[in-house]
Amino acid sequence: MKKKTLAITACTTAMTLLLAACGGGNTGNSGTAEEGNKAGTASPKIKLSIWHNFSGDDLRAKAVRAQIDKFKAEHPEIQLDAQAIPPDGYRQRLKTVAAADEMPDVFFTQSGTSIKEFYDGGLIQPITSLLDEHPEWKNNFIPGSLDTLSFNGEVYATPLSGSATSFLFYNKSLFEKYNVKVPTTWDEMMTAVKTFNDNKITPISLGNKASWLAQSSIISSLADRVTGTDWFKKAVNQDGAKFTDPEFVQALTYFKQLSDAKAFQPGFNSLDNTQMEQYFVEGKAAMMIDGAWALTNMAASGTEEQLNQVDVTILPSVPGGKGDPKSMSGGSGGGLALSKRATGDQLKAALELIYTVSGPDAMKAIAGSNSIVTYNVDLDESQVMPLFYKAYNLYKSVKLTPVYDAYLTSSATEAVNNGLQELSMGGKPEDIAKKIQDAQARDLGK
């Protein structure tokens, strides 16, 4: 098969002590090899800890863990404590140890607001020197992909994946069987929802138990369709726009329309992301709005017959929207950050670990797991599933718009996440908009 070059652009003290007992805190190093030699004893092992949320059975998670295992096998002199923590509880675990200044030596963090909080708290140090040491690695990242992981001219992490959060996956067989047009406008979307409901097919699979999914995959793109990106950035900065403005209330209203029309399966707020994807790939729902991570998940769990029924597009346009309808929310995914505490031999080991898990070989392995990366990769097309290749080409062809939780403060993100759940249970868009506005304004002191 001919190779093609792809540019694949995604606390309490008690709790802290408990996490540290589980190996969560900064492990430090009992001494350097030089000190051990001077004492005439065997050199102590360098202790190093890494936390990440690639805990699942999907191909990307396995690819990342394989790189960590590779580092461990190649460095018997290093005592590596690697913890794979499920995504739903990962951010809270990090916040808990961050509050006590007990961060792991290396840890995965999302780009944008998440890593900025660690930077603002003085908890991490730059890895610019590592990039400069490997120019062939540094120069192959897609332009702009390091921006949301950098501060004041220094890079603090490199993206392990590209973030594309709002693909509209659909089941071709179900659309053909019930003679439904793949929606490109909001009216067509609502018609599709009604037709599938009339035929006792769930229109859209959603698993919003962890509450971030509806925000990241639906409202980030849907709201941009309504408000446009410039308005969102002004609202984030509380400079000339507010989340109580009519256009954002309208965006929330569109989400409420979907919920009120029973677009999602019953109990979707108690289903997780994996259950949502399984529900869709098994043909129980006609559509699913999900991120690029669904590609590697479906590749791991779906049969060839099931995957052949799936196609992919973007969310439909909305009437009078100010945003670009040929867009999706996305950008650079998260990467491995380096604790400020790492020094000496431990720092050298940590940087080498980051390079092993994030360097050129790792980028190729992650891309080969049907995952979008913001890195130029030579990839054999036969190594990836056809659905991934379609999604990759779609990703290249559209404009990327902000993912809400990469820009909002933590409190405002929580207000959006909880607010969308509240909307689906009868809440009013105006009330939710006010909670989001109050949280963002309070966090910015405005």
Please determine if [X] and [Y] form a salt bridge, counting it only when a charged side-chain N lies under 4.0 Å from a carboxylate O.
| X | Y | result |
| --- | --- | --- |
| Asp58 | Lys62 | no |
| Asp101 | Arg341 | yes |
| Lys435 | Glu422 | yes |
| Lys284 | Glu282 | yes |

> Could you go step by step and tell me if Ile314 and Phe167 meet the side-chain contact (heavy atoms from CB on, under 4.5 Å) rule?
Replying inline: CA-CA 5 Å; Ile314 57 176; Phe167 286 114; 5.6 Å; no
> Where do Arg442 and Asp438 land on the salt bridge (Lys or Arg N to Asp or Glu O under 4.0 Å) test, with the steps shown first?
Replying inline: CA-CA 6 Å; Arg442 181 175 60 249; Asp438 289 348; 6.0 Å; no
With a 3.5 Å cut-off and no angle check, do the side chains of [X] and [Y] form a donor-acceptor pair?
| X | Y | value |
| --- | --- | --- |
| Glu188 | Thr184 | yes |
| Ser424 | Asn269 | yes |
| Ser411 | Thr409 | no |
| Asp290 | Trp293 | yes |
| Ser329 | Ser166 | yes |
| Asp105 | Ser339 | no |

Could you tell me the separation between the [atom1] atom of [X] and the [atom2] atom of [Y], rounded to the nearest 0.5 Å?
| X | Y | atom1 | atom2 | result |
| --- | --- | --- | --- | --- |
| Leu423 | Phe255 | CG | CZ | 7.0 Å |
| Leu213 | Ile289 | CG | CD1 | 9.5 Å |
| Thr274 | Asp57 | OG1 | CG | 9.0 Å |
| Leu400 | Ser145 | CG | OG | 11.5 Å |
| Lys72 | Asp81 | NZ | CG | 8.0 Å |
| Asn273 | Asn208 | CG | CG | 9.5 Å |

> Run the salt bridge (Lys or Arg N to Asp or Glu O under 4.0 Å) check on Lys194 and Asp198 step by step: do they pass?
Replying inline: CA-CA 6 Å; Lys194 183 179 186 306; Asp198 288 346; 2.9 Å; yes
>> Does the Lys NZ or Arg CZ of Arg93 fall within the cation-pi geometry relative to Trp51 - under 6.0 Å from the ring centre and within 45° of the axis?
In response: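 That pair qualifies as a cation-pi contact.
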>> Could you go through Thr128 and Glu154, starting from their C-alpha distance and side-chain angles, then the distance that decides it, and tell me whether this counts as side-chain hydrogen bond (donor to acceptor under 3.5 Å, both in side chains)?
In response: CA-CA 6 Å; Thr128 312; Glu154 297 278 7; 2.4 Å; yes
> Would Phe118 and Tyr156 satisfy ring-ring contact (aromatic ring centres under 6.0 Å, His included), going step by step from the backbone distance to the final call?
Replying inline: CA-CA 10 Å; Phe118 296 119; Tyr156 284 79; over 10 Å; no
>> By the definition side-chain contact (heavy atoms from CB on, under 4.5 Å), identify the one residue from Ile127, Leu123, Ile124 that meets it with Leu338.
In response: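 Among the candidates, only Ile127 passes.
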Do you know the tightest heavy-atom contact between [X] and [Y]?
| X | Y | value |
| --- | --- | --- |
| Asp405 | Thr113 | O-CB, 3.8 Å |
| Gly207 | Met276 | N-SD, 3.0 Å |
| Thr374 | Pro159 | OG1-CG, 3.2 Å |
| Trp186 | Gln257 | NE1-OE1, 2.9 Å |

Contact between [X] and [Y] at the side-chain level, heavy atoms closer than 4.5 Å - yes or no?
| X | Y | value |
| --- | --- | --- |
| Gln437 | Asp245 | no |
| Arg225 | Ser327 | yes |
| Thr401 | Ser220 | no |
| Ile50 | Pro104 | no |
| Tyr407 | Thr413 | no |

> Between the main-chain N or O of Ser369 and the side-chain N or O of Thr296, is there a donor-acceptor pair closer than 3.5 Å?
Replying inline: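 Pair found, side chain donor or acceptor close to backbone of Ser369.
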For the residue pair [X] and [Y], categorise the inter-ring angle as parallel (less than 30°), tilted (30 to 60°) or perpendicular (more than 60°).
| X | Y | value |
| --- | --- | --- |
| Tyr90 | Phe108 | tilted |
| His134 | Tyr355 | parallel |
| Trp231 | Phe248 | parallel |

> With ring centroids as reference points, do Tyr279 and Phe268 lie under 6.0 angstrom apart?
Replying inline: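 Not close enough - the centres of the two rings lie 6.0 Å or further apart.
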>> Applying salt bridge (Lys or Arg N to Asp or Glu O under 4.0 Å) to Lys138 and Asp132, what does each step give before you reach the verdict?
In response: CA-CA 7 Å; Lys138 175 182 178 180; Asp132 292 340; 2.8 Å; yes
>> Run the side-chain hydrogen bond (donor to acceptor under 3.5 Å, both in side chains) test on Glu117 and Ser410 for me, step by step, so that the C-alpha distance in whole Å, both residues' side-chain angles and the decisive distance to 0.1 Å come before the verdict.
In response: CA-CA 9 Å; Glu117 289 177 346; Ser410 293; 2.3 Å; yes
